[in-house]
Each structure stands twice: as structure tokens, then as C-alpha cells.
Amino acid sequence: MTIQTATILMVSAMLLSLPAALAGCACSAGGTWDPYAFLNYNPAQSVSPSAEGKSTAMQDDYRSDDFPNGDLLRPMPSVSSSDTVLAITENLNDGIYVKGAMRLSRGSLVNQNGTLKSPEEIASALGSIGVTNSDRIVVYGDDLEDAALGFFALKYVGHRDVSLLDGDVERWQSMGLPVQNVPSVRDESAYIPNKQNLVATYDYVMSGEVQIVDARPFRDFGLSRIPGAVHIDSERARDGDRIADNETLMELFAPLQIDRPVVVYSENPGHASIVWFALQLMGYNAMIYPWSDWISHSPTVAQNAPGALGRSSSSVTDSESTESRYRKLGR
């Protein structure tokens with residue numbers, strides 16, 4: 001056997017053993033999760049490549065690239081152990097959590113009347129579970145509205161590096177990504193809030209400078225609304241556990257001008273947060289306005305508004321519903 005032949009055989013043996021060696025390694029050079037080894041995740045398995053050379057599964061997993069502000073939406077396979085994962089949930093110690101996720105209750109973000117808690121209160125809740133201002137946060141929830149609300153609250157207190165997980169924990173688990181049965185726990189920290197101007201005031205809403213979006217169900221919009229509001233039901237901005245795709249959102253927001261600010265309102269802060277997040281994802285400058293604040297400034301509306309004075313849309317009589325004039329775009 002010549003030296004050249006021996007060298008070729010040695011190199012071949014090394015190359016053949018490389019995949020097995022990589023499969024046994026769960027970390028990259030940076031010490032973070034390897035989605036193809038530690039997470040035992042292979043998006044190319046059992047799927048056909050697309051024209052661009054990526055699998056259909058990979059295109060769906062990384063669909064954040066389709067949006068103008070896609071960095072706000074975090075693909076599941078890109079989450080690593082260097083991220084701080086927050087689960088917005090009312091579950092205590094039961095259930096399934098993304099690996100490494102800490103629990104933050106929805107009640108620590110909003111008051112009983114649906115208004116957002118103060119930046120100081122939210123910061124205190126974040127610090128109590130060990131979140132720091134420098135964390136790279138990925139947030140998800142029991143439902144998309146909880147996740148979007150958590151994202152909004154973090155932006156409201158000025159957290160710089162935060163993204164929304166593109167799906168819920170069931171989708172995460174179905175992809176073969178790691179989970180745990182209890183939330184992770186850290187030592188408390190001192191979280192410093194830096195309040196951002198994301199909650200609109202009554203005067204701003206009435207200024208005529210903004211486009212107003214009603215994110216409530218159409219029945220409630222038909223009964224009462226802020227004058228001039230465009231109706232965009234939050235259900236239309238979602239696709240199950242995920243935000244709707246780029247094409248759907250483009251069509252949904254067609255009545256709006258992208259160069260004018262937008263204010264979104266709803267009785268349910270989670271519904272408003274879904275539409276607000278979708279607007280941010282599509283490049284709009286948007287804020288949220290509490291419906292309860294509009295009620296407090298509008299006694300006439302308050303008497304008939306769903307949710308006001310303990311009334312809900314389900315308690316409205318058929319005659320009241322018949323007398324209402326339903327107008328989709330507020331015209």
C-alpha cells in the first residue's frame with residue numbers, strides 16, 4: 001500500500017465517522033442548543049425540497065423572513081439555551097413548558113378592568129422571576145393573545161431584545177423540541193423599567209391624527225364604537241396558534257395607510273395586542289388604547305356598550321341588535 005493510498009483511506013474513515021460524532025454533541029461553539037442534534041430536530045425529513053432548495057417545513061418554520069419586521073417573530077428552531085423564554089400562563093406547576101422557560105402570570109401584566117399595569121408593577125413582576133434588562137427574551141403563552149400581551153408589556157417597559165415565539169408549546173413539542181413539566185426558576189433580580197409611549201390617551205385618540213382600529217368581535221363593533229374606527233377582528237389576524245401570514249395581513253390592513261399612526265382598542269387587552277403585534281410586524285406605527293378609558297369619557301356610549309356596567313354582548317336583546325347599524329369600516 002502506497003503512502004498516498006493510506007492517506008486517502010484515513011481521510012475517508014474520518015469523514016464517515018463525522019456525522020456520528022456530531023450527533024452526539026448537543027452544543028455549538030457558542031455553547032447554545034444545536035437544533036439538529038440536541039433538539040433532535042430535522043425539518044428536512046420526509047418533505048420535498050422547494051424551488052429555492054429549502055424544504056417546505058423549513059420555509060414554514062422560518063416564515064418570519066416574509067414580514068417587513070420579521071425579527072419580532074422568532075422561528076422555533078432558532079431558539080437556543082442563551083435565550084430567556086417566558087411562558088405567559090396561569091398554570092402553576094402543571095402542564096408542559098418549553099425547555100428552560102420561566103412562568104409569568106397574565107395577572108401580573110393587566111388589572112381586572114383590562115387596563116395594563118404600571119411599568120413599575122410589570123418590572124417588579126419581571127424581577128421577581130429573575131428577568132434582567134439585558135436578557136434576550138422569547139415569549140409565548142397559553143394562547144396567542146397571552147403571548148402578544150406579554151410581548152406588548154415587555155415593549156411597554158422598554159425591553160429592547162424581545163421576540164414572539166412563532167407558535168405555542170404544543171407546536172413546539174410536535175416538532176420534537178425539548179420540553180419540561182415545571183417552569184424554570186431563577187434568583188430575583190432588579191429590573192429597571194424604561195416606559196415607552198405605547199398606550200394612547202383619550203386626547204390623542206380624539207386628535208384626528210391617528211387611524212383607529214376596533215379589534216373586538218363584529219357584534220360588539222355594531223353596538224358601539226369609537227367614531228371613525230375601522231373594524232379588524234383579532235381573530236382574522238391569527239392562524240390558530242400563530243399570527244396570520246404576510247399575505248393575509250396585507251389584505252387585512254388594506255384600509256389603513258402605513259405612513260399614519262394607528263391606535264388599536266378592545267375590551268380584551270389580549271385581542272388588542274394581537275392586532276397591535278400584527279401591525280408592528282407589518283411595519284405600522286401602532287399603540288393600544290383601553291376601551292375602558294373611552295367608556296369613562298363617553299357616558300352615552302357607556303350605557304349601551306358591551307362590557308360596560310357589567311353588561312356583555314350576550315346580554316343584549318334581539319331588538320337592540322336589530323336597531324344597531326352594522327358598518328364594517330366605520331362608514
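Taking the six-membered ring for Trp and the full ring otherwise, the centers of Tyr289 and Trp294 sit at least 6.0 Å from each other.
Judged purely by atom type and a 3.5 angstrom limit, Gln280 uses its side chain to pair as donor or acceptor with the backbone of Ala286. In this structure, Ser128 contributes its side chain and Ala125 its backbone to a donor-acceptor pair below 3.5 Å.
Looking at Asp245 and Thr248, their side chains come closer than 4.5 Å, going by heavy atoms from C-beta outward. No side-chain heavy atom of Asn69 sits less than 4.5 Å from a side-chain heavy atom of Met282. At a threshold of 4.5 Å between non-hydrogen side-chain atoms, the residues Trp291 and Ser266 do not count as touching. Taking the side chain as every heavy atom from C-beta outward, Leu116 and Ile122 approach each other to under 4.5 Å. Proximity of Val199 to Met287: side-chain heavy atoms (C-beta onward) are nowhere separated by under 4.5 Å. Residues Arg74 and Asp83 form a side-chain contact, since some pair of their non-hydrogen atoms from C-beta on lies under 4.5 Å apart.
For the atom pair CD (Glu267) and CD1 (Ile295), the distance works out to 7.5 Å, reported to the nearest 0.5 Å. For the atom pair Thr132 OG1 and Glu188 CD, the distance stands at 14.0 Å (nearest 0.5 Å). The distance from the OG atom of Ser78 to the CG atom of Leu73 is 9.5 Å, given to the nearest 0.5 Å. With rounding to the nearest 0.5 Å, the separation of CG in Leu72 from OG in Ser163 is 8.0 Å. Note: Arg216 CZ to Ser224 OG = 4.5 Å, rounded to the nearest 0.5 Å. Taking CG from Leu281 and OG from Ser64, the interatomic distance works out to 8.5 Å, rounded to the nearest 0.5 Å.
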- Would Leu154 and Leu86 satisfy side-chain contact (heavy atoms from CB on, under 4.5 Å), going step by step from the backbone distance to the final call? CA-CA 11 Å; Leu154 284 161; Leu86 288 185; 4.2 Å; yes

- Derivation of the side-chain contact (heavy atoms from CB on, under 4.5 Å) call for Tyr156 and Ile288: CA-CA 10 Å; Tyr156 181 54; Ile288 286 181; over 6 Å; no

- Could you please spell out the steps behind the side-chain contact (heavy atoms from CB on, under 4.5 Å) verdict for Asn194 and Val157? CA-CA 5 Å; Asn194 180 23; Val157 298; over 6 Å; no

- Task: Evaluate the side-chain contact (heavy atoms from CB on, under 4.5 Å) criterion for residues Leu149 and Ile88: first the C-alpha distance (whole Å), next the side-chain angles of each, then the deciding distance (0.1 Å), finally the verdict.
- Result: CA-CA 9 Å; Leu149 177 62; Ile88 312 301; 5.8 Å; no

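A salt bridge links Arg186 with Asp135: at least one charged nitrogen is closer than 4.0 Å to a carboxylate oxygen. A salt bridge links Asp166 with Arg63; the closest basic N to acidic carboxylate O contact falls under 4.0 Å. For Asp143 and Arg106, the salt-bridge test fails: no basic side-chain N is under 4.0 Å from an acidic carboxylate O. Checked for salt-bridge contact, Arg242 and Asp168 miss the test: no charged N lies under 4.0 Å from a carboxylate O.
In terms of the side chain to side chain donor-acceptor pair (under 3.5 Å) criterion, residue partners of Tyr265 (sequence neighbours excluded) are, by chain and number, Asp214. Evaluation of the side-chain contact (heavy atoms from CB on, under 4.5 Å) rule for Glu120 yields Ser118 as partners, not counting sequence neighbours. By the side chain to side chain donor-acceptor pair (under 3.5 Å) test, Asn111 pairs with Thr115, Lys117, sequence neighbours left out. Arg171 pairs by the side chain to side chain donor-acceptor pair (under 3.5 Å) definition with Asp241, not counting sequence neighbours. For Asp233, there are no side chain to side chain donor-acceptor pair (under 3.5 Å) partners two or more places apart in sequence or in a different chain.
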Please output the side-chain donor-acceptor pairs of residues 252-262 that fall under 3.5 Å, not counting sequence neighbours, one pair per line with the distance.
unit_1, atom_1, unit_2, atom_2, d
Arg260, NH2, Val210, O, 3.4

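Closest approach of Val110 to Pro269, counting heavy atoms only: CG1-CG, 4.0 Å.
Residues Phe277 and Met250 are members of one and the same hydrophobic cluster, defined by side-chain heavy-atom contacts under 4.5 angstrom among Ile, Leu, Val, Met, Phe, Trp and Tyr.
When only modelled atom types and interatomic distance are considered, Thr84 and Arg136 share no side-chain donor-acceptor pair under 3.5 Å. For the 3.5 Å distance criterion, the side chains of Thr89 and Asp142 qualify, holding a donor opposite an acceptor.
Within 6.0 Å of CD in Gln180 there are more than 12 heavy atoms belonging to other residues, nucleotides or ligands.
The aromatic rings of Tyr191 and His159 sit parallel, their planes meeting at an angle under 30°, below the 60° perpendicular limit. Ring planes of Tyr202 and His297: parallel class, angle under 30° (limits at 30 and 60°).
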